2 protein chains.
Amino acid sequence: MSSKPTMRDVARKSGLSIATVSRVINFPADVPAETAKIVTAAMAYLNYRPNINGRRLKMTQTSTIGVLVPTLANPVFATSVQGIEQEANANGLTVILTSSEYDPEREMGAVSTLLNNRVDGLILTLANADNNPVVDLLLAEKIPFVLLFNQPSRADIAAISVDNAQSAYDMATAMIAKGHRSLAMVAGQFESSDRSRQRYDGFCRALDDAGIAQKHLVQVRFGETDLVAPLADFLCGPEEVTGLVCSTDMLAIAAISACRAHGLSVPDDVSVGGIDGISVGGLITPKLCSAVQPTQEMGQQALAFLRGLIKGQTNPQSLLLPHHLSDGDSIGDFRRRSSTLL
Amino acid sequence: MSSKPTMRDVARKSGLSIATVSRVINFPADVPAETAKIVTAAMAYLNYRPNINGRRLKMTQTSTIGVLVPTLANPVFATSVQGIEQEANANGLTVILTSSEYDPEREMGAVSTLLNNRVDGLILTLANADNNPVVDLLLAEKIPFVLLFNQPSRADIAAISVDNAQSAYDMATAMIAKGHRSLAMVAGQFESSDRSRQRYDGFCRALDDAGIAQKHLVQVRFGETDLVAPLADFLCGPEEVTGLVCSTDMLAIAAISACRAHGLSVPDDVSVGGIDGISVGGLITPKLCSAVQPTQEMGQQALAFLRGLIKGQTNPQSLLLPHHLSDGDSIGDFRRRSSTLL
DNA sequence: TCCGCCAATGTAAACGTTTCAAACCTTCAT
DNA sequence: ATGAAGGTTTGAAACGTTTACATTGGCGGA
């Protein structure tokens, strides 16, 4: 009595069998309107609530998908999860969320939990998409999955991303076009993010193409927001870097703040560009110039892809979405540093 | 064969019974080391993975909790979910995530899904904590739940929040102390957020206490980031508002951007303050002055509370965490508007 | 030698669904 | 009157666990 009513209770109450009740729930069209009404009334009267776990046990599909992101503290991922969640909701799918905190070691544990939950499929943003045991496991177990933001080198893996290297290439090139010759990349640690490395590669290629030999790089821990010390050498040292290409918008915003702390103006003294296109970037001053990717749509798209794979569609497709440089004013023409006159 | 191995398979393989296998998994201490080794080996050999849904069906507890937030697009909520997720992970709990998109109508549907999943408990941020059918339902069904960011007027509901009214009061008072007499509140729509209304109440109280009769209010749709038009009247009209108290940091950042678009400087012409304390606020220029709340800790705390309730602890406690005004420079001393000289 | 005890293991009945095959009942043509 | 047809409904067997209870066997004490 005190316990939750089950289908059996509904059946008893409505004088019909448990099978009929099930049919009312799952295939209302297959049941006469009259019968359906009786059953529905009984369900309402008893406050019946189907126990999804019973169904999950019986059915092969669980209508559940697992999501793994590095963190929700970076709006890029939060927004993509928002997209996933929206699309999942629209399709009657339940989302189980996990995060790795950027720690590759934690990925396997998280995915294991997800698999124990018998999710129908997964959407993952991994630290490193290549040579990743998680990917191998999923492939071996033939669990549908889509990578988000990762660009694996294997072609038989579904992945949705922008061209990471090209994003950084474009940003660096834009700065070079404005006369900057001394550039540095501010990147998250490569071990925690293959995007970071790919973006650095693009940065290097841009400098090579422009005949600039000197490539500066500063790697910072993820979650770090104080870049005053890490950037001190580059900004105030003899290299006198005037262009900072940041591997994420969060880093770019932190970099702008650090420049300011060093008494440098953006974009007058230093140009700063980001990658990701988080919405807050468009609101700050100076408006952040960023290689924008359609984050939320990417999340939705990832779920759409995943649904395809779950439905049995074979040969996973990869999708490289276009990015574009936003017209922020955090980058400007090169000027000899006024402060050097002091 | 092609199907996933079950406990029965493991039992067969190890020459033991299914009950013993279960014991190895759940109460390894109750089983001789030798036996455990055999079973573990069999599990490894077969690539066995416990089916949590089988367990969930049998057990009363599901080790799953449901989370409902308005959106993940606002870092406040993303960060709190991050906190929840961390704490859940540390306690072996699975998190099911849903969002209402700020639409009160969608809350019931989301919670229904969660209940069908037989979650052990819920953490919710509701549009309106009072007279909410969702709350009534949860109370009636005796499902443990904790409200996050909401301040319900009933005392028998667990809720974790800062003092919303006081936050706004403090911010408005800070501006008044700096000489501002013409203030406006920029708030999200009250129907979508009781915090918004509570904060407005605090704003009004501060003005009353200072003997300022004229109270301006502009309500904007959630998700809206373009405040240029909505703020035009206040900033450029005859009222010449010089202080904007914003009900969220996201709004504050958007407001600063709008001021700039109107040719006004922050904080020289207009002071802008926010509430929430999202981390990006500390990085932008001018550094955002905000009534900071410990968002991530609030998420963790909420989960801790919830675990207590699930364990059977009766009489839910509310927790009102302290906030503090950050020392941002987005608010400054009142000055007669220079632009009015034109 | 027998008894009882204890540790180790096994048996089998749930948990709440879904679903296949079978049963039931009208209706209608023969 | 008989039977085929077809629309409704039902019975019962899973799905993969957990767990109360039963069984086993070895051992020490009487």
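Protein chains get the first letters and strands the later ones, always in sequence-line order, with residue 1 at the start of each. Note: hydrogens, waters and symmetry copies are ignored here, and every other heavy atom, side chains too, is used. Remember, predicted model here, so these are calculated numbers, not experimental data.
Residue-level contact check: A:R118 touches neither bases nor backbone, having no heavy atom under 4.0 Å from any strand. Contacts of B:T20 with the nucleic acid, taken as non-hydrogen atoms under 4.0 Å apart, involve only primed sugar atoms and P, OP1 or OP2. Within 4.0 Å of B:I52, counting heavy atoms only, lies no atom of the nucleic acid at all. Backbone-only contact: A:T35 has heavy atoms under 4.0 Å from sugar-phosphate atoms and none from a base. At a threshold of 4.0 angstrom between heavy atoms, the contacts of A:R56 with the nucleic acid are absent.
Nearest nucleotide to the A:M7 side chain, out of D:dT10, D:dC15, C:dT18: C:dT18. Considering only side-chain atoms of A:A19, the nucleotide from C:dG16, D:dT9, D:dG11 that sits closest is D:dG11. Picking from D:dT17, C:dT19, C:dG16 the nucleotide with the shortest atom distance to the side chain of A:F27 gives C:dT19. Residue A:I18 places its side chain closer to C:dT17 than to any other of C:dT17, D:dG16, C:dT9. Closest to the side chain of B:M59, from the set C:dG10, D:dT19, D:dT17, is D:dT19.
With no hydrogens or angles considered, a side-chain donor-acceptor pair links B:R56 and B:T64 at under 3.5 Å. A side-chain donor-acceptor contact under 3.5 Å links A:E101 and B:Q82.
Using a 4.5 Å heavy-atom cutoff, the side chains of B:Y48 and B:D9 are not in contact.
Heavy atoms from other residues, nucleotides or ligands lying under 6.0 Å from CG of A:D136 number more than 12.
Between B:N26 and D:dT18 there is a side-chain polar atom (N or O) within less than 4.0 angstrom of OP1 or OP2. A close approach under 4.0 Å does occur between a side-chain nitrogen or oxygen of A:S17 and OP1 or OP2 of D:dT10. Residue B:S22 has a polar side-chain atom (N or O) positioned under 4.0 Å from OP1 or OP2 of D:dT18.
At whole-Å resolution of the value, CZ in A:R23 and P in C:dT18 are 12 Å apart. The distance between atom CG of B:L46 and atom C1' of D:dG16, rounded to the nearest whole Å, is 15 Å. The separation between A:N53 atom CG and D:dT18 atom P is 13 Å, rounded to whole Å. If you take CD1 of A:I38 and C1' of D:dT8, they are 12 Å apart, rounded to a whole angstrom. Taking atom CD on A:Q61 and atom P on D:dC15, their separation rounds to 17 Å, with Å as the unit. Atom P of nucleotide D:dT17 and atom CG of A:L57 are separated by 9 Å, given to the nearest angstrom. One interatomic measurement links the two molecules: CG of B:N51 to C1' of D:dT18, which rounds to 13 Å at whole-angstrom precision. With rounding to whole Å, B:K58 atom NZ is found 10 Å from D:dT18 atom P.
Using cut-offs of 30° and 60° for the angle between ring planes, the A:F222 and A:Y102 rings count as parallel.
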query = Taking it one step at a time, do B:R118 and A:K4 satisfy side chain to side chain contact (heavy atoms under 4.5 Å, CB included)?
reply = CA-CA 10 Å; B:R118 294 298 190 271; A:K4 297 227 168 233; 3.8 Å; yes
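Looking at which nucleotide of DNA chain C each of B:D30 and B:G54 is closest to, the 5′-most match is held by B:D30. The residue among B:R8 and A:Y48 whose nearest nucleotide of DNA chain C lies closer to the 5′ end is B:R8.
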